[in-house]
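Computed over heavy atoms, backbone and side chain alike; hydrogens, waters and symmetry mates excluded. Residue numbers begin at 1 in each chain, while the letters A, B, ... track the order of the sequences.
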Amino acid sequence: MKTVYVIVVAVIAVAMITLGLLAYQQASPTRTVTLNGAGATFPFPLIDKWAAEYHKIKPNVKVNYQSIGSGGGIQQHIEKTVFFAASDAPLTEAQAAKAPNTLHIPITIGGVVPIYNIPGIQKGLKFTGEILADIYLGKITKWNDPRLAAINPGVDLPDKEIVVVHRSDGSGTTFVWTSYLSCVSQEWREKVGRGTSVNWPIGLGAKGNEGVAATVQQTPYSIGYVEFTYAKKNNLTYGYVQNAAGEFIEPSIESFAKAAEYAAITLPKGDESWSKVSIIESIVNNTRARGAYPITSFSYFLVYKELNVLPNMDEETARALVEFLWWAIHDGQGYASDLHYVPLPPSVVAHNEETIRMITYNGQQLLK
Amino acid sequence: MFASSILLFLGLMIYELVIGSWLSIQTFGLNFLIGTKWDPVFQVFGALPLILGTTVTSVLALLIAVPISLGISLVLSEYMPKKFGFVISFLVELLAAVPSVIYGLWGIYVLIPFLRDHVYIRLQTLFGFIPIFSGPIYGSGFLTASVVLAIMIVPTISSILRDLFLAVPDSLREAMIALGATKWETVKAVVSYARSGVIGAVILGLGRAVGETMAVTMVIGNKFQVWPSSLFDVWYTMSAIIANELLEATYDLYVSALINVALVLLLVTLIINILSRLIVWRTIRLTRGVVKE
């Protein structure tokens, strides 16, 4: 009796598994293609959204993106273990030499904003680049410094020491922030320089955007910097920054897009060297860049021009990758604003179209 | 067989770390240990501030944690009824299972504001004339890190100590009482009997403190400097800088320098272990014949 029972259960189980497998195969008649990518954490929520939405349109394509940091993404791109990488900074000359024929595709725009905690003062405190650099160099130590007071008339700035907060972990945010400070202050450029981590002259280090935000919120009279998306989502008190046209610009999706438009005029071709590309540098001295927020940067996809160089790559996957890239810079941009990312301006999209058309597999152009 | 596999693991680990940090060792040599600058932009790396930071925060944590742990474990094993002690020791051990990132978050949102507004400021008004109590108070800092570390290692140390004291034969206590000793004298004899085990428990706590990463990096302030200007100043540790910078280390020498820090951390841990073993052997030899081990 007992054996019969066991056999019946086993038969039912096997039948159900078989049926399930059959149903699964019918649901996906073609092979599933997985597009593996890795890199920056900043665009992760956007890429994650793209992956989910794209899977709805193309059920047989799965985008698998791991946010391990720009450095890790570039490393995997050089080692050819991923199909695409994302980075907040373009490849340096040395990195580009290790990964020849890499295409840069800007996918979204980010801005870094100064945040502060001064009891009684709301958002919109005005800063200039020189003042931010001198605060981070430790040369301006009090909130009621005459230079700060001069550009903030009517604001009752307290006679308190400024507590400087910066990122302790290596990050694209720090890269953008220190690039800006290097552009506006010669002393910063010579003493500290720009990088994902730098030798900070003063201040407290906190881990991640969330760490900087928490430290600033917990410490009265402190100043820090975070990604705009993070500041917006968490309602942090952020300041305005002066641009070369002399305007104090509120960080916003519009003012970042403006900055990207001015920078797009001088972008190199997708397969040329991008190591010098920087929205910050292209507008920091451009007195006609009205309405542009100065601390703005691109986030990139890095893709090989000839996809055949990747192991595990076949033509079907290559085609799926190119189609996904095309979708990301067009329809994908529609998801940006809701997540507080900046959609690419039309001029940059047009530039990207040209770049994506360069991608080949075995010398064959994949998109005409 | 299994013991030799541990040796093999240790050997492999050291081998891997040496290979990984070879570029840094070639570039900086022993200067890496006494270098006081960490500048990824200009490619200069030295680890002395990190070594000091790790050692001082861990030792400070131990100074706070050991008396508290001794107290807890003695109350549980000597003073409290067994049933009661069981419940409380269960709760203490539960604390040991809390993930360190939780301690870090709790440190940022609860401990830092409390220490800054109620403890540090009061300390400064009372003792501000002494240099180590002067200077700006951020809330985060190496003293805060030591307090968090102490809270993290108290459960580890005290639960081992409690088991240790419970294992002391009752005949010892009965003999002490029969000789007319007070309760306090009896307790002292119990601790003295378990002395070498006590040191072992402390070493275990120290090991956890030296290697702790998340909770420390969240509260220490992550400032690369050789020596803090006051008790309230910020600092850095070896494990924290690895966790912070490895992901975005963008060139080979940088990665190599971080792995070199890991190698130094392993060596520091080994040295601490060996030193404390020596202390244990010494105490055992000195006390042999006084109390039977």
*So which part of A/E161 gets closer than 4.5 Å to some heavy atom of chain B, the side chain, the backbone, both or neither?*
neither
*Do A/S168 and B/Y236 meet the criterion of a side-chain donor-acceptor pair at a distance under 3.5 Å?*
no
*Among side-chain atoms of B/Q225 and B/D233, is any donor-acceptor pair under 3.5 angstrom?*
yes
*For A/T173 and A/E227, test the side chains for any donor-to-acceptor distance below 3.5 angstrom and give the result as yes or no.*
yes
*asked:* Quick check for you: among A/G211, A/G195, A/S222, A/G203, which has the greatest number of heavy-atom pairs under 4.5 Å with chain B?
replied: A/G203
*Can a donor-acceptor pair be found between the side chains of B/N244 and A/R167 at a distance below 3.5 Å?*
no
*Using distance alone, with no hydrogens and no angle criterion, decide if B/S24 and B/S21 have a side-chain donor and acceptor under 3.5 Å apart.*
no
*Should the ring pair A/Y225 and A/W177 be called parallel, tilted or perpendicular, given that the plane angle runs from 0 to 90° and is split at 30 and 60?*
parallel
_Sort by residue number and list every residue of residues 82-103 of chain A having at least one heavy atom under 4.5 Å from chain B._
A/Q95, A/K98
*Please check if atom NZ in A/K276 has more than 12 non-hydrogen atoms from other residues, nucleotides or ligands closer than 6.0 Å.*
no
*Specify which of B/Y251, B/Y254, B/Y109 makes the most heavy-atom pairs with chain A at under 4.5 Å.*
B/Y109
*Heavy-atom distance under 4.5 Å to chain A: side chain of B/L247, backbone, both or neither?*
both
*With a 4.5 Å heavy-atom cut-off (strictly below), which parts of residues 36-54 of chain B touch chain A? List them by number.*
B/K37, B/W38, B/D39, B/P40, B/V41, B/F42
*asked:* If you count heavy atoms of other groups shown closer than 6.0 angstrom to CZ of B/F9, is the number above 12?
replied: no
*asked:* I'd like to verify something: which residue of A/G71, A/S197, A/G69, A/G72 has the highest number of heavy-atom pairs under 4.5 Å with chain B?
replied: A/S197
*Give the ring-plane orientation class for A/W200 versus A/H166, where under 30° counts as parallel, over 60° as perpendicular and anything between as tilted.*
parallel
*What part of B/Y138 is in contact with chain A, defined as an atom under 4.5 angstrom from a non-hydrogen atom: side chain, backbone, both or neither?*
both
*Residues A/K139 and A/E187 bridged, charged N to O under 4.0 Å*: yes
_Heavy-atom side-chain contact between B/V18 and B/Y15 under 4.5 Å_ = no
*asked:* Ring-plane angle category for B/F129 and B/F127, please: parallel below 30°, perpendicular beyond 60°, tilted otherwise.
replied: tilted
*Are the side chains of B/F142 and B/L231 in touch, meaning some heavy atoms are under 4.5 Å apart?*
yes
*Side chain from CB out, backbone as N, CA, C, O: work out which of these in A/R194 comes under 4.5 Å of a heavy atom of chain B, or both, or neither.*
backbone
*Proximity breakdown for A/V163 and chain B, heavy-atom pairs closer than 4.5 Å*: side chain
_Under 4.5 Å from any heavy atom of chain B, what part of A/V165 do you find: side chain, backbone, both or neither?_
neither
*Name the region of A/A206, side chain, backbone, both or neither, that has any atom closer than 4.5 Å to a heavy atom of chain B.*
backbone
*Quick one: pull up OG1 in B/T237 and CD in B/E212 and give me the separation to the nearest 0.5 Å.*
9.0 Å
